[in-house]
Amino acid sequence: MNDLYADIYEIVKKIPAGRVTSYGAIASCIGSRGSARLVGWAMNASRHLPFFIPAHRVVNRNGMLTGKHHFATPETMRELLENEGLTVINDQIVNFSEVFWNPLKEPGIEKKEF
DNA sequence: ACGTTGACCTATA
DNA sequence: GTATAGGCCAACG
């Protein structure tokens, strides 16, 4: 595992329950602004990791569950999000702006660049 | 090694 | 406001 993936996992693991973030925010945290796709690949690889990664709390900028199809079952992501108090309708998070968790705004996050 | 794809984002029209 | 184009890095065939 590279440090890049480690940073991604560190940030994702720090996401509080009932909150969601976007790939771009994480990508910005690690310094690669346009490398949001790397976060997606990291999430896909997170399944193979021994520890649990709340990848269901990571959605795209639109708040749409684009990666639900990559979970064990497409319903897994929605179930997990609803279990944390979030509302998901038609693969879309309701009140996304309110439940959005910005890692750049949170202290204790290793910010590479701005 | 080259071309394509992918859980995306930003910019311009 | 939506639609289209370009870019980014890594993995797969």
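Each chain gets a letter, A, B and so on, in the order the sequences are listed, and its residues count up from 1. On a predicted model such as this, the values are computed, not experimentally measured, just so you know.
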* Asked: Which nucleotide sits closest to the side chain of A:Leu38: B:dA7, C:dA10, B:dC9?
  -> C:dA10
* Asked: Once you round it to whole Å, what is the distance between P of B:dA7 and CD1 of A:Ile15?
  -> 19 Å
* Asked: Looking for any heavy atom pair under 4.0 Å, which part of the strands does A:Ala42 touch: base, sugar-phosphate only, or nothing?
  -> nothing
* To do: Starting at atom CZ of A:Arg57, determine the distance to atom C1' of B:dA7, rounded to an integer number of angstrom.
  => 17 Å
* **C1' gap between C:dA3 and B:dA7, integer Å** => 23 Å
* To do: Rounded to the nearest 0.5 Å, what's the gap from CG on A:Leu104 to CD1 on A:Ile11? Could you check?
  => 8.0 Å
* Structure fact -> Rounded to whole Å, OH of A:Tyr23 lies from P of B:dG6 at a distance of 15 Å
* To do: Measure from CZ on A:Phe100 to C1' on B:dC9 and round the result to the nearest Å.
  => 13 Å
* **Between C:dA11 (P) and A:Arg47 (CZ): distance, integer Å** => 16 Å
* To do: State whether A:Asp91 and A:Arg78 are salt-bridged, where the test is any N-O pair (Lys NZ or Arg NE/NH1/NH2 against Asp/Glu carboxylate O) under 4.0 Å.
  => no
* Euclidean distance, atom CG of residue A:Asn60 to atom P of B:dT10 [Å, nearest integer] -> 11 Å
* Asked: Do A:Glu79 and A:His56 get their side chains close enough for a donor-acceptor pair, meaning under 3.5 Å?
  -> no
* Structure fact -> Taking B:dC9, C:dC12, B:dA7 as options, the one with an atom nearest any side-chain atom of A:Ala36 is B:dC9
* Asked: Taking atom C1' of C:dC9 as reference, at what distance in whole Å does atom OH of A:Tyr5 sit?
  -> 9 Å
* Integer-rounded Å distance: B:dA7 P and A:Asn44 CG -> 8 Å
* A:Glu75/A:Lys68 salt bridge by N-O under 4.0 Å criterion -> no
